[in-house]
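This structure is a prediction, so every number in the text was calculated from the model and none was measured. Sequence lines set the chain letters: A, B, ... in the order given, protein chains first and strands last, and positions in each chain run from 1.
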Amino acid sequence: MEEELNKDQKNSRRQFLKKGLIAGAGVAIGSGLLAAYVDTNAAETGEKVKVLTTDGEIMEVDRGLLKLPRVSREESHKGIPGRKFVMVIDLGKCKNARKCVEACQKGHHLPQSQEFMKVYLLQDSEKTAPYWFPKPCFHCDNPLCVSVCPVGATYKRSDGIVLIDNERCIGCKFCMTGCPYSTRVFAWKHYPEFDEDKEPYSPEASSPGKEGTVSKCDFCPDLIRVGKIPYCASACPMGVIYFGDVDEDTVTNGTETYQFSKLIHDRAGYRYLETLGTRPCVYYLPPVDRQFEVDRGFGDLEESVKDRYKDTPYSKKNKP
Amino acid sequence: MELQQKNPLRDFAPQLERTSIQGYVWIVFLLAVIGLGFYAFLQQVFLGHEVTGMRDNVVWGVYIVNFIFFMGVSYAGALISGTLHLFKTAWRKPIIRMAEFITIIALLIGPCFILLCIGRLDKLHYLVLFGRIQSPITWDVIAITTDIFGCFIFLYLSLLRDLATLRDYELLQLPNWRKKLYKVLALGYTGTPEQQQRLNRATDIMAAMVISIAIIVYSVLAWIFSVTLQPGWHSTIFGPYFVIAAVYSGSAVLIVCMWVFRKVYHLEEYITKKHFVAVGLIMLVLAAFFGYFTFSDYLTKWYGSEKNDELLIQLLFKEFYWPFIISNYIGVLLPLLVVGIAKFRTISNITITSVVVIIALWLNRYIIVVPTLESPYLPIQDARPEWLNYSATWVEWSLTAAGVAIFCLLFTIASKFITIVPLSGSQGEEKKEDVLV
Amino acid sequence: MAIQPLNSFAEEKTDSAAAPAESRMALNYLCSTDSVNLSATLTIKRGDMTLALENAVVEFTASNGTTTTILGTAKTNQEGSALLSFPSALLPTDKDGMVSYMAKFTGNDKYPAAEATSSAKPAKIRLFFSIEDSLRILKVTATQKNEKGEDVAIPKETVLIYIPRLFSLLKIGEISLDETGTGTLEFPKEIVGDTLGNLVVIAKIEEHDKFGFVQGKNVINWGVHKQYYKAEVPSRELWTPIAPLWMIITLLVMLAGVWAHYMYAVYELVMIKRLSKKDKPLF
Ligand code: SF4
Ligand code: SF4
């Protein structure tokens, strides 16, 4: 325990030093620190700009200042020290806008046919209410997918994130049957989208993908490292998806920030299929006080997406 | 004694020396089927696994079914030959070699099918380099390797006497290299009492080993499914259930082999109705066991009717109705009737029953693997038909056919190399046999 | 599709084909205890697409209408933001104490120039912690400078109280300042700090007409001690790299048993071979 404390003190000092460094960079900007990784021509980044939060909290933007190179495969096994990530999904607000799916696919350079985030239309039984159910990987604390992997290609890190190293993965697909939540996707061929990503592969980015290997939602550790929440969480126009550090007891969807324990307590948060004993790190807030009718979820979807839900009990019942 | 041993060899010599026109046609046909399979394999390698019917939900299809099937056949061969040997069953002699061949050949083909399932064959060596002991696949890799070695040693031990006989039989018209090969392989065995004693001891030990490993290996294979949480797979009964199903299918394959070789090599004298009935009775007992396991597995699922088990059973009785009926009703009841009732016990009846049993058991594996993957906890919601329902493509079927063809081809080649009926038994047993005859 | 970042060649091509670019600048201001932070965001709008401009040099100036001070320059990052912070003491103020800030991008051959301005009066927020009647009390004061350069209170404003977290600020309360520019809050329990219970507390006035964004900061050990998840990471589980001991032992025992028998069988074969050699002369 002593040691833990000491370590923490050291950690916070290091954190402090780092912050100082970044603040310093803010002053001496344009010299050494930045020159190391950008060329000198002004260029468009290709990223759509997000609306700046009006709270003007500059320290937050500060951390995004440094464009970190992707961490190596070895490094990606370690996890971000002293963190344990958690996601909270508010089913009461979801209207199947699918922005999470799109942002995730774009961010991870995925083809249309691979979705890390899937949105289901669930109805637990005939007389219960239907609801939209976005489902990422649950990053289980007892991950069966990791247990069954014969080569250690998928692993759980100290920060709770379950990643896949596609350089190690042999594509046996055992993890896909091991996961009870149908979370994992397989690259059935080489998709052209994989080539879009020119950066070297890192399990933290889950990109570029590789034919014959498995991939899945990764909680975007590459974004976390620069102080950003995952693609899905920041893309959702309804703010359905909250993300944060459970040890810090805080989750945020980018605009609202809550105390995790209070949120779960007040809104009766739960984990999906708790009985399976996988101990997920994703919590759901029940679909109460809905902001939208379920039908809104069919809004302006592409036909192919609409078709997915045609066999659900809800759609069948509502068929004229 | 000497003469007695040479007599059968004269009968078998043509089998080893010559291959008939039909034999060549047969081999060319097999090679063609294998060629098609190879083409399909290249397609899969170069175009990706997209050419198969497997998708994100049904990640394992016909390949894994074939894997289970061939491994099952193999273990059955091992169990049958091991048991027959250990209990010194008198009538085993003409068929025991076939059982041994079935073991080895199926054991070489089975694992190839699981390799077809693997996305990155280039990284296969990682299984050894980075093997994790917690993974049932690692257990399987270790178990299958162990099993292959064990079965080879066992087969070799039981071949040794015949190899020596072939080496010593001067009249055999064979190219020189084959004679040399026999000589090397026979290890200078001449049948001295001490050599006999050592050989018997080693064979007994290996027979016991082969039996126990077969049970372990097939249980491990079953655990690949039952350690997961998937509805329909997560069952404690799977280990013994798979073992029984394996031996069951293997006994059927043995009967079919007996029938084929009896016809092709005119072994009516050696393989008689007695043998068919004997193996048929083994099959009967196994059918009863198999039915019992199947029943108790589905009964508990149906009675308890957890939501997902219920969905699975609904699926089985709807989309998989015929496979389900064939594998779990006809596949159980037919042997009970045909072999159980003495009147029906003819060689052809028993053989036809065996063919049905083989098909039924293959379907049994299919409806264990596929429906479960089609009914996961979270309902499959997809617009793409191939993502919803699995159906194997020509690539998978060609490779399946190629697997069967390789099985036949290897069997043909093996029967050209060494007589399909053992020429000699160990001293002690022969005496017993003499008494019987 | 969006343009690949940092590839100047590809850029050239896309540029000539595309609609004319329009540069836009936004300037954000934050005044903390003794420094001022400016953040300018530069975006390019072309057609329907808005893109962040990376690596552009932005010059920041401050003025009071008569004199203009160059504060410095900064380059924009991936998100198009350039950041600058500097001590608030050096700023030229007008007679109301206001400072006008300007961020300016001079443009280059590809993108036109852009600028943005913002003005605010420097202010200060201070935080004090005390325990009264065993209640934890947070007191906040807000001050501004008068013409003489003395600190005077900012009355009747709303101050928001935050705890900085990994991704964002966690709001824990709101304080309304009284006439004297002071307000208090009972500090909530069960806010997780670091492993020593230390918490950084931030008090902010936001989007004020005159003061803009003002913030003060202090540290107190009123947090719940953080328990690191890492401390409880098990080492031998099904999912860890190393297997549970019983598994390894069982496997080894089984393998040893089986392979020992194999060895024995092979040994017997070797002996058979040996025997034949011994027998040879007899034939
Ligand atoms: S949800 Fe599935 S893939 Fe994700 S950690 Fe859990 S078991 Fe593994
Ligand atoms: S598919 Fe890859 S990650 Fe999954 S179990 Fe096999 S080797 Fe491991």
> Under 4.5 Å heavy-atom distance to chain B, tell me which part of C/L255 shows up: side chain, backbone, both or neither.
side chain
> Determine whether more than 12 heavy atoms belonging to other residues, nucleotides or ligands lie under 6.0 Å from atom CE of C/M271.
yes
> Restricting to side chain to side chain donor-acceptor pair (under 3.5 Å), what partner residues turn up for B/Y189, sequence neighbours left out?
B/R161
> Nearest 0.5 angstrom please: B/E194 CD to C/L275 CG, how far?
4.5 Å
> Give, for atom OG1 of B/T138 and atom CE of C/M247, the distance between the pair rounded to the nearest 0.5 Å.
10.0 Å
> Examine whether an atom of C/L238 lies under 4.5 Å from a heavy atom of chain B, and if so say whether it belongs to the side chain, the backbone or both; otherwise answer neither.
both
> Which bit of B/I153 is near chain C, if near means a heavy-atom gap under 4.5 Å: side chain, backbone, both or neither?
side chain
> With distance as the sole test, does B/Q134 use its side chain to make a donor-acceptor pair with the main-chain N or O of C/W239 at under 3.5 Å?
no
> Using the rule side-chain contact (heavy atoms from CB on, under 4.5 Å), only one of C/L269, C/I272, C/V266 pairs with B/L157; which is it?
C/L269
> Taking B/R198 for the side chain and C/Y267 for the main chain, is one N or O donor matched with an acceptor at less than 3.5 Å?
no
> With a 4.5 angstrom heavy-atom cut-off, is it the side chain or the backbone of B/F149 that approaches chain C, or both, or neither?
both
> Which side-chain N or O atoms in residues 202-220 of chain B pair as donor and acceptor under 3.5 Å with protein atoms at least two apart or in another chain?
{"residue": "B/T203", "atom": "OG1", "partner": "B/L199", "partner atom": "O", "Å": "2.5"}
{"residue": "B/D204", "atom": "OD1", "partner": "B/H85", "partner atom": "NE2", "Å": "2.9"}
{"residue": "B/S212", "atom": "OG", "partner": "B/A208", "partner atom": "O", "Å": "2.9"}
{"residue": "B/S212", "atom": "OG", "partner": "B/M209", "partner atom": "O", "Å": "3.0"}
{"residue": "B/Y218", "atom": "OH", "partner": "B/I68", "partner atom": "O", "Å": "2.7"}
{"residue": "B/Y218", "atom": "OH", "partner": "B/R365", "partner atom": "NH2", "Å": "3.3"}
{"residue": "B/S219", "atom": "OG", "partner": "B/I215", "partner atom": "O", "Å": "2.8"}

> What's the spacing between C/R274 CZ and B/Q195 CD if we round to 0.5 Å?
13.0 Å
